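Reminder, nothing fancy here: chain letters follow the sequence lines and each chain counts from 1. Nothing here was measured: the structure is a model prediction, and the numbers come from that model.
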Amino acid sequence: MARGIPLLVTTPIFYANAAPHVGHAYTGIASDVIARCWRQQDRKTFLLTGTDEHGQKVADTAAKAGVTPQAFVDQQAKVFEHVFRKLDIGFDRFIRTTEPDHIAGVQEFLQKLKAATTPLGRPAVYQGEYSGLYCQGCERFYTEKELVDGKCPLHNTVPQQLVEHNWFFRLADYLPIIQKAIAKNELKLIPTTTKQEVLGFFKQGVQDFSISRERVRWGVPLPWDPTQTAYVWVDALPNYLTGVGFGKDAKHARNWWRGDVVHVMARDILKFHAVYWPALLLAVGEPMPSTIVAHGFFTVNGQKMSKSIGNVVDPVDLIAKYGVDGTRYLLLTPFPFGQDGDLPVERFTERYNADLANGLGNLVSRTTNMVERYANGVVKLAKAPKSLAKTRKLTETFQFSQALADIWATVTWANQAIDKARPWDLAKGEHATDAKKLAALLAELVAQLKEIAVAITPYLPETGATLTKCLRQKKIVKAPPLFQRVV
RNA sequence: CGCGGGAUGGAGCAGUAGCAGCUCGCCGGGCUCAUAAUCCGGAGGUCGGGGGUGCAAAUCCCCCUCCCGCACCCA
């Protein structure tokens, strides 16, 4: 990722059907850390997030709630946006797929797709048939697996075999190109397990997919066939383009889409992003994204997170208890980004107190207090003994837990340095050199804290800002607790 | 032969060849600048089992056992 070119970072757009949970927060925070890390280096960076609001499921849920789909998604979008703001996710745009400019952009995208010819000289879009089990009551198709005793789980009726005429995308003709791009890392898949998984998709074979639905009304109409609406993914994926202006402000769109494009997501939607999306882009003549980053899923206290178990973690609850930065820290710390792992919620308080309150927080307290008391708030400029340049590299390469571990190693180092040097003795000034030693120590500690402040800013933006401000005072005074202990 | 992820001191995790590490907890000691915070020391692991390759394996190869996700939800 070259510094000079603009960077577009995206989260998936979240399906408006349900409430945001800690998984959404995780993806959002990770994306935000990347964006903030580059912004800190003055790179032009755009962070895009939003909600995916079309589809049968949304329509169903709205109907159940007795409201129109639009009213329902308006409410849901507000909730998602609010939670993301609370998490300090510094997005540049929150896109909604029901916005007029997105819909127009998708239609333009679809037109281009319809007009496209594959590398093998065939039309990229063709008419085909989809046949499946359709429940009249639900107005949707079911797969065999979803049925209970061969009946619709909601209506307890036997669905009928129905044939639907759809438009299909000739994915097959693009697969070799994409596979090659991935193999050669022109389209980077991170971490490496992600690459293996995607190459596995190609081995197993991927089928052409239908880009339209005949019976779903809550969606974007196909421009050339208004009896059909766009398949939700074909509506959702182009948000990455429309979000930066495709279909409305071509110049703006080009500016961001021709730079580095990093899509962040969880593994479950990897196939859509690493196979379908690049193919669609190739078809309409747009460049593929440069990087796809997939993270794992987590269990909560060792158990799968699910509604039926009732252990779904609400990020808002975490924020209430640990603050925004505490939450960001606790979510990114437990296991390496990219892998599956466990969220030890039971031990969050312990971790919060140990690392944030007693660790960094107390270090800041004792340091600033000594600077105030022993040096009248003034220290010379010094070089931080422990460089955190490596930490930034770790952040840029999505190794968040390691980067944080690195930063906290310097916190430990500083605490040790203080105990070793015994500044409280030096302050008594029994030897002529004591004052010098003391001044040097305090200067180093302040320099180190400044370095830490910079390094944590992408992760803990609020704390980073507070700390920086506190250390830049003309006369440093004892800082109020950075993190309140949690009982 | 479905796909994938795991098995490392009491708990949770790093570590893909070179004397087995981190956090928390536990035991003992020190300090007093600090958010009853901090620092030092200690106990505790034959790295799931078996076999193989290597001067050297938690780390590579083969076999086996066990756990978890691929169901609602959904990052």
Next item on the list: Provide the distance between the two P atoms, one in B:U46 and one in B:G10, to the nearest whole Å.
Entry: 9 Å

So CG of A:L442 and NZ of A:K380: to nearest 0.5 Å the spacing works out to 12.0 Å

Please measure how far the P atom in B:A7 lies from the corresponding atom in B:U59, and state the result in whole Å.
12 Å

Judged by whether its glycosidic angle lies within 90° of 0, B:G54 is syn

- Query: What is the nucleic acid contact for A:D342, judged by heavy atoms within less than 4.0 Å: base, sugar-phosphate only, or nothing?
  - Reply: sugar-phosphate

Between A:T412 and A:A266, whichever has its closest RNA chain B nucleotide further toward 5' is A:T412

- Message: Between B:U38 and B:C24, how many Å separate the two P atoms, rounded to a whole number?
- Response: 8 Å

A:D419 CG to B:G29 P, in whole Å, measures 18 Å

Going by the angle between their ring planes, with limits at 30° and 60°, are A:F483 and A:Y352 parallel, tilted or perpendicular? perpendicular

### Message
We want to know whether A:T51 and A:E53 form a side-chain donor-acceptor pair, criterion being a heavy-atom distance below 3.5 angstrom.
### Response
yes

Do the side chain of A:W277 and the main chain of A:L237 share a donor and acceptor less than 3.5 angstrom apart?
no

note: A:H21, atom NE2; B:A75, atom P; distance rounded to Å ~ 6 Å

query: Are A:D88 and A:R328 ion-paired here, with the side-chain N under 4.0 Å from a carboxylate O?
result: no

Whole-Å distance, A:D425 CG to B:U38 P, equals 20 Å

Margin query: Treating A:E444 as the side-chain partner and A:A384 as the backbone partner, does any N or O pair qualify as donor plus acceptor under 3.5 Å?
Written below: no

Here the distance between atom C1' of B:A11 and atom CG of A:N301, to the nearest Å, is 12 Å

Parsed dot-bracket for RNA chain B after applying the Watson-Crick and G-U rules with both distances under 3.5 Å and | for other-strand partners is .(((((((.[[[[.)..(..]]]].(((((.......))))).....[[[[[..)....]]]]])))))).....

task: Name the nucleic acid region contacted by A:R267, choosing base, sugar-phosphate or nothing; use a 4.0 angstrom heavy-atom cut-off, strictly under.
output: nothing

For this session: Have a look at A:N17 and say if it touches a base, only the backbone sugar-phosphate, or nothing, with a 4.0 Å heavy-atom cut-off.
Result: sugar-phosphate

Checking A:F209, A:W233, A:Y231 against A:Y276 for ring-ring contact (aromatic ring centres under 6.0 Å, His included), the one that qualifies is A:F209

Nearest-nucleotide check on RNA chain B, A:S365 vs A:M265; residue mapping nearer the 5' end is A:S365

Rounded to whole Å, the CD-C1' distance (A:Q402 to B:G15) equals 10 Å

Using atom P in both nucleotides, what's the gap between B:G15 and B:G52 to the nearest angstrom? 28 Å

